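For reference, the structure discussed in these notes is given below.
What you see is a predicted model; the values in this text were computed from it and never measured.
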Amino acid sequence: PRRPAPGAPPPTAPEERRLAEVATCYELLSQIYLMNHRIRLADYCARRSLALGLRLASLAPVVARAYADLLAVTAATGGSRRAVAYYKAQGLGACR
């Protein structure tokens with residue numbers, strides 16, 4: 001997973017909390033859109049959640065859940081086995 005660029009100032013605690021909250025909101029929206037068969041919006045929200053989660057100083061649970069959301073979107077759209085395997089591996093790796 002990507003980390004903040006070397007030399008970049010680390011986010012402050014309030015910024016970290018805000019990033020984590022926004023990432024979680026996108027994660028939940030992704031799940032809601034998926035349940036309502038709004039696949040493109042679910043995909044967008046899952047990717048947004050992942051991007052925000054990867055900006056956090058430490059690997060947060062939201063990253064693993066974002067990969068799980070992407071896995072669900074990929075499976076729902078009939079994505080390739082390779083893509084499904086990738087998201088599964090990334091999600092499990094984020095749990096470690």
Side-chain angles (χ1 to χ4, degrees):
R2 291 184 311 218
R3 292 282 177 246
T12 63
E15 290 171 343
E16 277 287 303
R17 281 193 302 275
R18 183 184 164 284
L19 273 177
E21 287 174 7
V22 173
T24 301
C25 288
Y26 274 111
E27 171 205 342
L28 295 172
L29 280 172
S30 176
Q31 293 170 11
I32 290 167
Y33 283 132
L34 189 60
M35 285 187 282
N36 288 295
H37 307 284
R38 304 291 304 270
I39 304 300
R40 278 198 269 194
L41 289 170
D43 182 62
Y44 171 80
C45 290
R47 290 179 189 282
R48 200 68 192 112
S49 175
L50 178 61
L52 292 169
L54 290 174
R55 288 176 49 193
L56 297 171
S58 63
L59 204 54
V62 71
V63 172
R65 293 190 304 261
Y67 279 121
D69 290 342
L70 286 168
L71 172 63
V73 167
T74 303
T77 59
S80 70
R81 286 185 189 185
R82 186 178 191 184
V84 169
Y86 173 79
Y87 289 130
K88 179 181 176 182
Q90 292 295 101
L92 290 172
C95 291
R96 296 181 186 149

Item to complete: Can you measure from CG (L71) to NZ (K88) and round to the nearest 0.5 angstrom?
Response: 8.5 Å

Item to complete: For the residue pair Y26 and Y44, categorise the inter-ring angle as parallel (less than 30°), tilted (30 to 60°) or perpendicular (more than 60°).
Response: perpendicular

Fill in: Nonpolar side-chain network containing L92, other nodes, edges under 4.5 Å
none

All N/O donor-acceptor pairs, side-chain side in residues 73-84, below 3.5 Å, sequence neighbours left out:
from	atom 1	to	atom 2	distance (Å)
T74	OG1	L70	O	2.7
T77	OG1	V73	O	3.1
T77	OG1	T74	O	3.1
S80	OG	A83	N	3.0

Discussion item. Whether the side chain of Q31 engages the backbone of D69 through a donor-acceptor N/O pair (distance < 3.5 Å, no angle test) should be reported.
Written reply: no

Item to complete: Mind jotting down which residue pairs meet the salt bridge (Lys or Arg N to Asp or Glu O under 4.0 Å) criterion with at least one end in residues 20-35? Sequence neighbours excluded, please.
Response: E27-R65

Worksheet entry | Counterpart residues, side-chain contact (heavy atoms from CB on, under 4.5 Å), relative to A94 (two or more places apart) | L59, V63, A64

Item to complete: Taking all heavy atoms of A46 and all of S30, pick out the closest pair and write down the distance.
Response: CB-OG, 3.5 Å

Practice prompt. List, by chain and then residue number, the residues other than L29 in its hydrophobic cluster (Ile/Leu/Val/Met/Phe/Trp/Tyr, side-chain heavy atoms under 4.5 Å); write none if there are no others.
Written response: Y33, L41

Worksheet item: What is the minimum heavy-atom distance between A66 and S49, and which atoms define it?
Response: CB-OG, 3.8 Å

Practice prompt. Look up atom CG in L50 and atom CG in L54, then write down how far apart they are to the nearest 0.5 Å.
Written response: 4.5 Å

Item to complete: Quick one: which residue pairs count as a salt bridge (Lys or Arg N to Asp or Glu O under 4.0 Å) with a foot in residues 28-51, not counting sequence neighbours?
Response: D43-R47

Worksheet, complete the sentence: Shortest non-hydrogen pair, L34 vs A72, comes out as CD2-CB, 3.4 Å

Discussion item. Looking at every heavy atom in both V62 and G53, which two are closest together, and how far apart are they?
Written reply: CG1-CA, 3.9 Å

Fill in: Single-linkage hydrophobic cluster, 4.5 Å side-chain cutoff, I39 and Y87 together
no

